[in-house]
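Whatever order the structure lists them in is the order used to number ligands and atoms, beginning at 1. Owing to the predicted nature of the structure, the values given are computational and were not obtained by experimental measurement.
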Amino acid sequence: MTAQPGKNPYRPGAATPPLHLAGREPQLARFPKLLAGAPEIPANMRLTGLRGVGKSVLLKEFETIARNEGWAVVRHQVEPRHNSEEAISLLLGQSIEHAKTRMSRYRRLRSQLLEAVEVGRRLLTVSYEDINFSMGGAGEVERDLSRNLYDAVETALDTGHEGFALLLDEAQVIRDDTTRDGEYPLSMLVAAVNALQEAGLPLALVMCGLPTLRANLQRARTYSERMFRGEVIGELTGNPGAARDAFVEPLTTTSVTADDGLIARVLDEVEGYPFFIQLWGAELWEAARDAGVDRFTTSLLDSIETDIYARLDEEFYAGRVDTLTPSEQDLLMSTGRCAYPPLRSVDIRGRSDKSEGNVNVLMGRLTEQGVLYRIQKGVYEYTAPKFHQYLERRLAALD
Ligand SMILES: Nc1ncnc2c1ncn2[C@@H]1O[C@H](COP(=O)(O)OP(=O)(O)OP(=O)(O)O)[C@@H](O)[C@H]1O
Ligand SMILES: [Mg+2]
């Protein structure tokens with residue numbers, strides 16, 4: 001990708017593809033191999049990482065790769081309201097319906113390309129009835145879901161695709177709830193996919209989300225440890241290295257250059273986090289334009305540092321706090337006075353006037369809201385990088 005002349009080549013945003021996707025070569029190389037191994041080896045991947053590390057843009061790349069490899073794809077960002085057996089099944093049913101229409105267009109396109117050479121129907125060796133039988137005691141909703149997934153794979157093969165890939169973003173919101181009677185949406189999804197894969201269907205599942213996803217899967221009733229290939233998406237490292245590339249490469253399509261001293265300072269401040277790299281770059285770009293210069297220098301950075309943090313706090317952090325209830329906010333703010341990392345419940349209790357039970361409930365809710373994730377009993381971390389420093393800034397502004 002190249003930026004249009006004069007346009008800002010940085011892309012701070014949510015799921016906004018960067019001009020240069022740095023440092024994800026290993027994952028980009030592994031994914032097509034995973035697809036190629038299906039159906040003999042189940043093509044399932046779990047992508048986890050903190051906020052703003054680039055999970056969604058990587059998932060979009062996976063979609064492109066899968067399509068290029070001839071797979072039919074559905075990519076969806078799930079939302080908290082989909083966290084029930086009925087809701088997730090309905091959502092996937094609808095997405096699959098849409099996808100089937102797209103698949104038949106693909107067949108027309110493909111047969112034109114092959115000059116009417118018939119795209120041979122690859123007969124599925126198993127029928128849905130066989131699979132249904134093997135699922136034994138599955139409930140009605142689960143049967144609907146596996147029927148829909150079966151249809152998706154069948155239509156994909158009928159239309160000349162290699163298989164059907166389901167890519168789910170924000171997948172940590174789908175979780176089994178042992179306190180609500182019989183709500184096991186995650187187990188249901190995994191079980192349905194597993195049954196079809198065991199029957200030899202070319203079905204791929206990629207689940208992408210916050211680090212909580214991993215624990216959710218481990219706790220799921222039907223989780224089989226070997227079902228997913230796990231990829232942890234972390235900060236970009238190295239100077240020179242991926243972090244530097246992410247910052248410097250977008251400039252190569254422009255007439256602007258960056259001083260070495262400036263680069264070193266930016267890399268030091270952003271700690272390899274992709275969203276921060278894009279934000280620092282975008283702000284420097286605007287500042288250079290306003291000043292009529294074509295060089296990023298440390299003095300340029302000095303002049304906008306406060307603005308950068310103001311924008312970072314507003315765009316990246318504030319929304320995560322403002323949507324919480326007053327008592328959740330209260331507790332979260334008191335975690336800003338605790339030592340970090342990690343956060344320990346004992347420490348929080350010492351800094352908050354809330355009862356032990358209340359602190360535990362609120363920590364549970366902050367975890368459900370995706371603000372924190374649990375490392376082990378009583379030990380937590382924030383899901384957004386450098387969030388503790390943000391809380392410190394916010395507390396300092398209050399004092
Ligand atoms: N490998 C990368 N190289 C350069 N920039 C990147 C890279 N990955 C992501 N970005 C940039 O980082 C920002 C965040 O990316 P993305 O929205 O994919 O993160 P995320 O992990 O999905 O975050 P969230 O958990 O909040 O959904 C975007 O502005 C994107 O352009
Ligand atoms: Mg995302």
Subject >> ligand 1 contact by A15, heavy-atom criterion under 4.0 angstrom >> reply: yes

**OP:** Could you check which of V57, L19, T48 puts a non-hydrogen atom nearest to atom 18 (O) of ligand 1?
**Re:** V57

**OP:** Please work out which of the three classes, parallel, tilted or perpendicular, describes the rings of F247 and F296, given edges at 30° and 60°.
**Re:** tilted

Original post:
Mind checking whether L236 has an N or O less than 3.5 Å away from an N or O of ligand 1?
Top reply: no

Original post:
So, are R351 and D347 salt-bridged, with charged N and O less than 4.0 Å apart?
Top reply: yes

Original post:
F276 vs Y273 aromatic rings, parallel, tilted or perpendicular, using cut-offs 30° and 60°?
Top reply: perpendicular

**OP:** Flag the pair R320 and E315 as a salt bridge only when some basic side-chain nitrogen lies within less than 4.0 angstrom of an acidic carboxylate oxygen.
**Re:** no

Original post:
Taking the six-membered ring for Trp, is the centroid-to-centroid distance between Y382 and Y390 below 6.0 Å?
Top reply: no

Original post:
Given P12, G272, G13, P18, which one has a non-hydrogen atom that is nearest to atom 14 (C) of ligand 1?
Top reply: G13

Original post:
Of the backbone atoms (N, CA, C, O) and the side-chain heavy atoms from C-beta on, which set of I277 has a member under 4.0 Å from an atom of ligand 1: side chain, backbone, both, or neither?
Top reply: neither

Original post:
Would you say the side-chain atoms of N8 and E286 include a donor-acceptor pair closer than 3.5 Å?
Top reply: yes

**OP:** Could you tell me whether G52 and ligand 1 have an N or O pair separated by under 3.5 Å?
**Re:** yes

Subject >> S56 near the Mg ion (ligand 2): N/O/S under 2.8 Å >> reply: yes

Subject >> Nearest option to atom 4 (C) of ligand 1, as decided by whichever heavy atom of H20, K55, K60, R51 sits closest >> reply: H20

**OP:** Report yes or no: does D245 have a heavy atom closer than 4.0 Å to ligand 1?
**Re:** no

Subject >> Atoms of ligand 1, numbered as shown, that sit under 4.0 Å from any heavy atom of E170 >> reply: 27 (O)

Original post:
So which protein heavy atom does atom 6 (C) of ligand 1 come closest to, and at what separation?
Top reply: P274 CB, 3.4 Å

Original post:
Does the separation of the ring centres of F387 and Y317 fall below 6.0 angstrom?
Top reply: yes

Original post:
Closest heavy-atom contact between Y184 and E85?
Top reply: N-OE2, 2.6 Å

**OP:** Specify the protein heavy atom at minimum distance from atom 29 (O) of ligand 1: its residue, its atom name, and the distance to 0.1 Å.
**Re:** R11 O, 2.5 Å

Subject >> Protein heavy-atom partner closest to atom 11 (C) of ligand 1 - residue, atom, separation in Å >> reply: Q278 CG, 3.7 Å

**OP:** Step by step, work out the side-chain contact (heavy atoms from CB on, under 4.5 Å) result for Y10 and W280.
**Re:** CA-CA 9 Å; Y10 294 99; W280 261 247; over 6 Å; no

Original post:
Using 4.0 Å as the upper bound for N to carboxylate O, is an ion pair formed by E69 and R67?
Top reply: no

**OP:** Give a yes/no on ligand 1: does T16 have at least one heavy atom closer than 4.0 angstrom to it?
**Re:** yes

Original post:
So, does A14 sit close enough to ligand 1 that a heavy atom of it is under 4.0 Å from the ligand?
Top reply: yes

**OP:** Could you find the nearest protein heavy atom to atom 3 (N) of ligand 1 and give me its residue, atom name and distance?
**Re:** A22 N, 3.0 Å

Subject >> Pair R393 + D313, salt bridge at N-O below 4.0 Å >> reply: yes

**OP:** Just jot down the ligand 1 atoms closer than 4.0 angstrom to any heavy atom of A246, in number order.
**Re:** 4 (C)

Original post:
For atom 15 (O) of ligand 1, which candidate among A243, G54, S56 provides the closest heavy atom?
Top reply: G54

